[in-house]
Amino acid sequence: MVKRYRIVMSLGVGALVISALLAIGIGHFSIGQEEIIRAFLQKPTAANASIILWNVRMPRIVMSIIAGSGLAAAGLSFQSLFANPLATPDTLGTAQGASFGAALGILFGWKAGFIQSLALLCGILAVLLVFTVTSSLGKGGSRFIVTVILAGMVISTLFGALVSLLKYMADPQDQLPAITFWLMGGFSGITKRSLMFSFPMIITGIVVLYALRFRLNVLSLSEEEAISLGTSVPLLRALVILFASGITASIVAVCGVIGWVGLLIPHMARMLVGNDMRRCMPTSIVLGGLFLLWTDTLARTVAVAEIPVSIFTAVIGAPVFIILLRKTGGIRA
């Protein structure tokens, strides 16, 4: 399995680098490889090519890669933490909370930076509400985990209803379309500023979850066995929830809701390299970035008008997930 893991990672990293280089030149405004090389070498290029490369394509490509990696890492961590193969980055209502914040900002007519900040704060608020509801149950045991999941479902439903209320109140000529298209998810609005807004928290979250991959294996044991191995289970759970939710909130704040990545990619990684988190986590990070880079490239090139990337992730993700189910004979956490 170790040899297979090395092969998968080598192919995955190679494909990610090549795909990113190709994606730079692909689009309705094609940029030749010579122009790309000149731009990277800081040599004079065509004015339009340079502007599109540095202000549009590069921020978008970087964001799609780190968003895919972050969602995959968060989804895998939650599936391990909650011992639930259907857990996603939105298990605790983070995405719906951030969606409410963004819809509220659009309704107020705020600028993009304030909308993103409010979305991030509301995403964090959703997680805090979940733990406020479950705070009286202690910090351990299967009952606590189940209750956290149920509380997350309730908070997610609550914020979903509030988003529907804001859409009902919005101006149908201006605000309602803006809210609707934002909720569809995509990278069309990514700029250098929005990338720098979300980049630190996403990268920090990915690094922390990657560093915890050894400890995440312990969560498959009983709490008594984990403690006997020197692991503070409540602290581990708190760190996973904090950083996985931070990743999700940061991505939703600037990109909208993007589904399927955090559910599909961890299962693909398990099928390729097994259940050991030491191998599964880095594989998920690479495959998540590659998957969302490809889907975003398709979304902006397959039609004259850009298609929201979340539509592609669902259209591609659902059939692939069904194929995985048939090949593995069922879901394995």
Side-chain angles (χ1 to χ4, degrees), residues 16-17 19-21 23-24 27 31 36 39-40 42 45 48-74 89 94-95 97-99 101-106 108-125 127 178 181-211 242-258 261-262 285-286 288-293 295-297 299-300 306 308-310:
L16 183 60
V17 173
S19 298
L21 293 175
I24 293 173
I31 303 176
I36 294 173
F40 276 112
Q42 300 296 315
T45 59
N48 288 342
S50 180
I51 292 171
I52 291 174
L53 176 64
W54 295 113
N55 295 337
V56 180
R57 296 270 172 87
M58 285 300 294
R60 182 167 185 160
I61 289 170
V62 172
M63 188 66 210
S64 65
I65 292 173
I66 64 171
S69 298
L71 290 172
T94 314
S99 297
L104 190 62
I106 294 171
F108 288 158
W110 290 356
K111 294 183 179 180
F114 291 106
I115 293 173
Q116 292 166 1
S117 299
L118 183 59
L120 178 61
L121 290 174
C122 288
I124 296 172
L125 175 63
V127 180
F181 281 112
W182 188 91
L183 290 174
M184 287 183 179
F187 300 98
S188 59
I190 296 299
T191 62
K192 288 181 180 178
R193 185 174 181 179
S194 59
L195 176 63
M196 294 310 297
F197 173 83
S198 59
F199 187 87
M201 188 171 291
I202 297 173
I203 292 299
T204 301
I206 292 173
V207 170
V208 171
L209 294 180
Y210 178 81
L242 173 65
F243 287 99
S245 298
I247 289 172
T248 307
S250 300
I251 293 170
V252 175
V254 297
C255 305
V257 181
I258 300 174
V261 181
I285 291 171
V286 172
L290 185 61
F291 175 71
L292 205 48
L293 173 62
T295 50
D296 179 56
T297 303
R300 63 183 174 83
E306 182 173 330
V309 71
S310 59

How far apart are the closest heavy atoms of [X] and [Y], and which atoms are they?
X: Ile247; Y: Gly205; value: CD1-C, 3.4 Å
X: Val257; Y: Ser99; value: CG2-OG, 3.2 Å
X: Ala95; Y: Thr248; value: N-CG2, 4.4 Å
X: Pro308; Y: Gly185; value: CB-O, 3.5 Å
X: Phe187; Y: Cys255; value: CE2-SG, 3.4 Å
X: Ser194; Y: Val254; value: O-CG1, 3.9 Å

Could you tell me whether the side chain of [Y] reaches within less than 4.5 Å of the side chain of [X], counting heavy atoms only?
X: Ser19; Y: Leu290; answer: yes
X: Ser198; Y: Ile251; answer: no
X: Leu292; Y: Val309; answer: yes
X: Pro59; Y: Thr191; answer: no

- Is a side-chain donor or acceptor of Arg57 paired with a backbone partner of Ile24 at a separation under 3.5 angstrom?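 Yes, Arg57 side chain to Ile24 backbone: donor-acceptor pair under 3.5 Å.
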
[atom1] of [X] to [atom2] of [Y]: how many Å apart, nearest 0.5 Å?
X: Trp110; Y: Gln116; atom1: CH2; atom2: CD; result: 13.0 Å
X: Ile206; Y: Ile66; atom1: CD1; atom2: CD1; result: 6.5 Å
X: Thr295; Y: Ile258; atom1: OG1; atom2: CD1; result: 8.0 Å
X: Leu195; Y: Arg60; atom1: CG; atom2: CZ; result: 13.0 Å
X: Met201; Y: Thr204; atom1: CE; atom2: OG1; result: 8.0 Å
X: Phe197; Y: Ser250; atom1: CZ; atom2: OG; result: 7.0 Å

- Task: Could you tell me which residues satisfy side-chain hydrogen bond (donor to acceptor under 3.5 Å, both in side chains) with Thr297, sequence neighbours excluded, listed by chain and number?
- Result: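 With sequence neighbours excluded, Thr297 shows a side-chain hydrogen bond (donor to acceptor under 3.5 Å, both in side chains) to no residue whatsoever.
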
